[in-house]
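Within every chain, numbering begins at 1; the chains are lettered A, B, ... in the order of the sequence lines, protein sequences first and strands thereafter. Treat the numbers as computed from the prediction; the structure is a model and nothing was measured. Atoms considered below: every heavy atom in the structure, side chains included; atoms not considered: hydrogens, waters and symmetry mates.
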2 protein chains.
Amino acid sequence: MSADRARAPSIRDVARLAGVSHQTVSRVLNDHHSIRPETKAKVLDAIAVLDYRPNLAARALVTSRSNTLGILSATIGEFGPASSIAGIEEAARAEGYSVSTLNLPATTPEAIGAAVRQLVREHVDGIIVLAPQVRVFHVLRGMNSAVPFVTLQTASGFDGVSLAADQVAGARRVTEHLIGLGHVDILHLAGPQDWIEAESRMRGYLEALLDADLPTIPPVRGDWTADFGRFAGEELARRRDFTAVFAANDLMAIGLMHGFRSSGLRVPEDVSVVGFDDIPVAAHVFPTLTTVHQDFPALGRRAVQLLLAEIRGEAPPQFGPLESVLRVRESAIAR
Amino acid sequence: MSADRARAPSIRDVARLAGVSHQTVSRVLNDHHSIRPETKAKVLDAIAVLDYRPNLAARALVTSRSNTLGILSATIGEFGPASSIAGIEEAARAEGYSVSTLNLPATTPEAIGAAVRQLVREHVDGIIVLAPQVRVFHVLRGMNSAVPFVTLQTASGFDGVSLAADQVAGARRVTEHLIGLGHVDILHLAGPQDWIEAESRMRGYLEALLDADLPTIPPVRGDWTADFGRFAGEELARRRDFTAVFAANDLMAIGLMHGFRSSGLRVPEDVSVVGFDDIPVAAHVFPTLTTVHQDFPALGRRAVQLLLAEIRGEAPPQFGPLESVLRVRESAIAR
DNA sequence: TTGTACGCGTTATCAG
DNA sequence: CTGATAACGCGTACAA
């Protein structure tokens with residue numbers, strides 16, 4: 001009845017039981033080609049008997065690869081990034097990679113640098129960045145660490161390491177939808193400066209207006225939150241130099257409708273509102289929100305494919321555009 | 001101009017530069033007590049010069065601890081868990097731990113077992129589980145692996161390893177709010193069977209009704225989604241054997257209001273609705289949603305504290321109850 | 001096809 | 001207070 005806390009079986013225990021050298025076991029593990037079927041069977045058998053699992057730390061030490069992907073995110077609380085992360089994990093695990101996540105408390109260059117260094121310290125084989133502020137990329141570029149990285153939601157100029165749903169096209173489409181409804185004075189409630197997605201969506205908006213020869217109104221800068229949207233709604237209700245608003249995300253759009261409502265403006269009768277993202281409640285708020293749907297999990301999965309290709313030195317997969325699709329609902333009507 | 005990809009400096013490089021043994025360097029690293037200040041200074045200096053970082057894999061190999069916490073989640077897409085995860089990461093990183101996340105594709109016993117084994121393989125020092133289905137705990141208990149774990153949102157009977165905001169109290173409070181408004185026939189739109197949170201919230205609801213000597217209506221089982229809420233709203237609009245509904249989460253509550261609305265029922269004039277969670281849009285939908293607020297990030301931080309105490313063999317910290325606070329808004333009015 | 005010897009970078013043990 | 005020396009578990013030469 002001795003309480004012997006048995007240490008986990010090692011590759012040599014397997015070897016001993018199978019009557020071979022630990023080398024042979026290693027070969028079986030990494031299914032090396034030159035190995036006799038019967039020895040392989042013996043080894044596999046011993047592995048099963050002992051319930052042996054290779055020690056990942058030892059392997060990482062000797063190969064100096066960890067089979068781990070790092071996720072650097074700045075906005076885990078939000079719907080889009082969170083959904084992408086789910087996709088990333090799924091794809092990474094399917095490829096045999098672990099996932100180490102690191103959420104950025106702030107997006108100062110120091111914090112970003114520290115975060116990347118931490119991930120490097122952990123020996124991640126590659127990093128996926130979901131911190132769509134412009135400056136993050138500059139930091140990343142500047143460090144030119146040996147660790148390959150891929151980013152979601154990026155600006156142009158980062159081709160090959162970046163991936164995004166076509167937000168410009170999506171923003172353009174939803175703006176054109178408003179134009180098609182007869183709106184002429186269309187305001188944009190934008191995301192914060194420095195955010196790549198904010199810029200892309202604004203660009204799509206501007207392009208649509210230019211193409212249609214419509215006047216542009218200086219956009220209002222928001223912070224992505226519903227609270228800000230409400231505030232903006234109350235302020236904007238005084239102006240009324242527009243008949244429709246394109247909010248850069250659904251949260252702001254919903255807050256905006258709230259602000260309009262509490263100021264006596266009716267949506268969509270007095271003002272049309274559209275959003276972006278198609279969060280789960282978008283189809284259920286009142287009025288139901290016209291918005292642009294994006295497949296965030298797919299984006300995450302693609303990021304993993306791209307990163308793994310980079311890690312393995314393969315040619316990067318060529319993806320078709322990840323379509324943003326317009327969801328027409330009740331919050332925007334013909335003028 | 002030789003392109004020598006210099007390998008990272010090791011502890012021996014530091015030792016050589018500082019003119020000491022690699023042992024001394026190791027001591028400095030783990031700030032061992034017996035070490036002369038001047039030698040320590042020399043070593044620190046050499047470390048700085050070489051920009052040396054200890055190899056985590058090597059350390060993990062020899063200590064058989066990885067300084068990594070595993071997060072096992074089943075619902076990363078949802079607001080609550082995602083917020084908790086943010087809290088967990090923050091706290092874990094602050095304590096010098098890395099975080100390895102694993103999202104469960106399904107909650108079958110096999111999937112759960114595989115996930116835990118995977119985390120164990122990665123040598124995580126502890127696991128935090130955010131998969132609040134009852135059966136997960138049974139699997140976890142059954143495996144009785146050596147790895148300590150802690151769970152968020154748990155049932156009773158798992159004291160010491162479990163942590164939760166007091167959902168029963170929260171549910172009770174919001175139900176009492178309805179009762180206080182004069183409602184007598186209060187329906188509960190519950191979460192899925194097997195979900196611990198669903199049970200807790202239902203329990204709070206039942207307790208409040210019992211205490212007030214009110215009749216209970218058999219609860220409707222939902223799946224947490226707004227889509228289901230809408231469906232339920234349309235079905236329930238035909239019944240009208242209630243004047244108020246307590247939905248087990250905000251998503252369902254918002255969908256429910258949608259369903260009522262599209263069936264010609266007005267909220268709150270005809271029916272009062274309350275939710276649970278206080279998701280970011282709750283204060284902005286129409287009508288603004290009365291709900292119960294929970295501090296998810298705090299919950300995550302506490303989970304880390306509890307787990308670390310367990311890992312370190314310290315006494316578990318005693319937390320006061322994490323209060324759920326009622327947010328009174330417009331979706332529920334006096335009968 | 002298989003086995004031997006060695007090294008990966010660190011901490012632990014025991015001397016001194 | 002510091003330094004040798006031995007692990008930790010695995011993969012990669014190279015040899016047989």
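Non-hydrogen atoms lying under 4.0 Å from DNA chain C are contributed by B/His22, B/Gln23, B/Ser26, B/Arg27, B/Asn30, all within residues 15-31 of chain B. Annotation: proximity of residues 36-54 of chain A to DNA chain C (heavy atom, distance under 4.0 Å) is found for A/Arg36, A/Thr39, numbered in ascending order.
If you take CD1 of B/Ile11 and P of C/dG7, they are 18 Å apart, rounded to a whole angstrom. In this structure, A/Leu56 places its CG atom 10 Å from P of D/dC10, rounding to the nearest Å. Distance B/Arg121 CZ to D/dC10 C1': 13 Å, rounded to the nearest Å. Here D/dC8 presents its C1' atom at 9 Å from CG of A/Leu61, a figure rounded to the nearest Å. Counting to the nearest Å, the P atom of C/dG9 and the CG atom of B/Asn55 are 7 Å from each other. Atom CG in A/Asn67 sits roughly 14 Å away from atom C1' in D/dG11 (whole-Å rounding).
The backbone N or O of A/Pro297 sits nowhere less than 3.5 Å from a side-chain atom of A/Ser84 that would complete a donor-acceptor pair. In this structure, the side chain of A/Asp125 engages the main chain of A/Asn67 through a donor-acceptor pair within 3.5 Å. A donor-acceptor contact shorter than 3.5 Å links the side chain of B/Glu89 to the backbone of A/Asn103. Looking only at distances, no side-chain donor or acceptor of B/Asn30 sits under 3.5 Å from a matching main-chain atom of B/His32.
Applying the side chain to side chain contact (heavy atoms under 4.5 Å, CB included) test between A/Tyr97 and each of A/Ile311, A/Thr68, A/Val304 identifies A/Ile311 as the sole match. Checking A/Arg53, A/Arg59, A/Arg93 one by one against B/Glu122, the salt bridge (charged side-chain N to carboxylate O under 4.0 Å, His left out) holds for a single residue, A/Arg93.
A/Lys42 has no carboxylate O lying under 4.0 Å from a charged side-chain N of A/Asp45, or vice versa, which leaves the two without a salt bridge.
Side-chain contact between A/Pro9 and A/Asp51: absent, with no pair of heavy atoms (C-beta onward) separated by less than 4.5 Å. For the pair B/Thr101/B/Ser73, no side-chain contact is recorded, criterion being any heavy-atom separation below 4.5 Å from C-beta on.
Residue-level contact check: B/Ile35 touches the backbone only, with heavy atoms under 4.0 Å from sugar-phosphate atoms and none from bases.
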Candidate pair B/Phe149 and B/Leu72, rule side-chain contact (heavy atoms from CB on, under 4.5 Å), full reasoning: CA-CA 10 Å; B/Phe149 69 93; B/Leu72 187 60; over 6 Å; no
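Computed from C1' positions of five pairs at each end, the angle between the two local axes of the helix from C/dT1-D/dA16 to C/dG16-D/dC1 equals 40°, rounded to 10 degrees.
For C/dG9, the OP1/OP2 oxygens have no side-chain nitrogen or oxygen of B/Arg12 closer than 4.0 Å.
Put simply, OG on B/Ser66 and CG on A/Leu56 are 10.5 Å apart, with the number rounded to the nearest 0.5 Å.
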